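Worksheet: one structure, shown below.
All values below were derived from every heavy atom in this structure, side-chain atoms included, with hydrogens, water molecules and symmetry-related copies excluded. Order of appearance sets the numbers: ligands from 1, and atoms from 1 within every ligand. Since the structure is predicted, the reported quantities are computational estimates derived from the model, not experimental observations.
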Amino acid sequence: MKKYDVEKLREDFPGLNREFYGHKMIYLDNTATSQTPREVVEAVERMYFHSKANVHRGVSSISQEATDLQETTRRRVAAYINASSPEEVIFTRGTTEAINLVASSYGGTFLKDGDEIILTVMEHHANIVPWQLLQRHVDVKLRVVPINERGELDLDVYRSLFNDRTRFVTFTHVSNVLGTVNPVKEMVKEAHRHGVPVLVDGAQAVPHTRVDVRDLDVDFYAFSSHKMYGPTGIGVLYGRRELLEKMPPYQGGGEMIGHVSFEGTTWAELPFKFEAGTPDFVGISALSVALDYIERVGMEAIAAHEHKLLERATRGMEGIEGMRIFGTAPGKAAVVSFLIGSAHHYDTGMLLDKLGVEVRTGHHCAQPLMHALGIEGTVRASFALYNTEEEVDAFLAALRRIAPMLM
Ligand code: PMP
């Protein structure tokens with residue numbers, strides 16, 4: 001295996017070269033969004049300066065060029081996640097929109113009063129609220145899988161929640177707070193044994209691990225580009241073709257129609273049926289450059305590097321008096337949520353910020369999980385391919401410095 005040269009990789013990310021309060025920035029909020037490599041930003045610039053024409057708009061060379069760039073990404077994404085075909089890749093604004101699409105289109109069509117949806121207590125609000133919006137139209141019941149003290153799902157409860165009213169299952173692949181990697185294959189198998197389709201929220205998985213939607217056997221899988229070194233404002237919904245074919249459009253407008261008249265309208269074929277209006281074709285085109293980047297560095301190498309950083313951080317944090325870490329599942333992703341003593345997470349975050357350490361504080365859009373943990377929020381540090389051991393050590397030194405002030 002070639003050497004993992006993190007310093008060289010950092011040169012690709014000009015966004016890392018910041019200072020706050022006289023300290024070199026240590027960017028540890030990668031779970032919220034990652035920094036972007038130069039070549040992705042250059043791809044955006046190239047498209048704005050050379051190939052900006054609306055996609056799927058007739059025979060002009062420039063429109064065809066723009067269309068090719070967008071559709072190349074669709075093929076690239078399909079191959080990257082091992083979808084059966086590019087038509088199973090729908091471009092959305094992000095994970096949030098992808099989940100809303102499924103809740104609205106699939107849920108609104110196939111779920112009926114009295115039906116039950118299984119989800120988990122560790123879901124991001126993006127995978128809770130769309131189902132509650134559905135409840136305004138259909139009287140569906142949400143059944144919630146709890147976690148144990150390590151932050152793992154209680155699979156016995158999960159299995160026990162299935163009954164003859166269970167019609168849908170949805171859960172996150174990786175928790176954005178606890179880092180827990182859920183056993184997707186096993187959970188999907190259980191759902192399919194009951195004939196129930198599954199949507200997996202992959203927002204925190206795709207940046208850290210190789211995802212094969214056919215191996216996982218998921219029916220829907222959602223993720224966001226901005227968390228995986230790609231442009232902001234775009235995401236992907238993978239859907240199994242048989243299901244997508246049966247589902248009605250999510251939004252109406254240009255691009256998604258077959259024929260429109262005031263008497264009635266027909267829908268376009270997949271995937272365009274779900275892509276009303278002008279898509280972010282610039283962002284979509286540049287996403288394939290982010291995938292190239294990840295492939296060049298190597299997902300296994302990225303995962304191994306992040307794991308090393310997580311271990312170093314966790315070991316160091318465990319030695320700090322008053323430190324409480326939330327989420328200790330074996331094999332967890334490179335996310336560490338914590339509190340020091342009885343200090344408010346904002347105070348800890350603010351002190352870290354004064355030392356140049358950029359972390360996230362708050363409920364992380366997971367208030368039900370915070371409630372289950374009996375807390376209001378945490379401080380969260382999360383690592384990406386460009387973080388270094390020196391940064392971890394500086395983060396630990398900052399924690400050691402501020403901890404006595406917070407006790
Ligand atoms: N699910 C999870 C697990 C997440 O971490 C996030 C982003 N914090 C989302 C969904 C929503 O992603 P986006 O805001 O990109 O739509």
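Geometrically, Arg210 engages Tyr80 in a cation-pi contact, judged by NZ or CZ lying under 6.0 Å from the ring centre and within 45° of the ring axis.
By the criterion of a heavy-atom distance under 4.0 Å, both the backbone and the side chain of Thr96 are placed next to ligand 1. If you look at Lys227 next to ligand 1, the close heavy atoms, those under 4.0 Å, all belong to the side chain. With a heavy-atom cut-off of 4.0 Å, His226 touches ligand 1 through its side chain alone. The proximity of Asn176 to ligand 1, defined as any non-hydrogen pair under 4.0 Å, is limited to the side chain.
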His23 and Tyr21: ring-ring contact (aromatic ring centres under 6.0 Å, His included), yes or no, with the steps?
-> CA-CA 6 Å; His23 296 277; Tyr21 304 103; 8.0 Å; no
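Between Arg93 and Asp280 there is no salt bridge, since none of the side-chain N atoms of the basic residue sits less than 4.0 Å from a carboxylate O of the acidic one. Under 4.0 Å is where a charged nitrogen must lie from a carboxylate oxygen, and between Glu190 and Arg159 no such pair does.
For His305 (side chain) and Asn387 (main-chain N/O), a donor-acceptor pair under 3.5 Å exists by modelled atom type.
Summary of contacts: the protein heavy atom closest to atom 4 (C) of ligand 1 is His124 CD2, 3.3 Å.
Which parts of ligand 1 touch Ser224 is read off a 4.0 Å heavy-atom cut-off, strictly below it: atoms 12 (O), 13 (P), 15 (O), 16 (O). Close contacts between ligand 1 and Thr172 involve ligand atoms 3 (C) [criterion: under 4.0 Å to a heavy atom]. Each of the following atoms of ligand 1 lies closer than 4.0 Å to a heavy atom of Thr95: 10 (C), 12 (O), 16 (O). For ligand 1, the atoms sitting less than 4.0 Å from at least one non-hydrogen atom of Gln204 are 3 (C), 4 (C), 5 (O), numbered in the order shown with element in parentheses.
By the 30° and 60° cut-offs, the orientation of the rings of Tyr106 relative to Phe168 is tilted.
The shortest distance between side-chain heavy atoms of Arg18 and Tyr27 does not fall below 4.5 Å.
Looking at Thr31, Val335, Asp201, Ile99 and measuring to atom 10 (C) of ligand 1, the nearest heavy atom belongs to Asp201.
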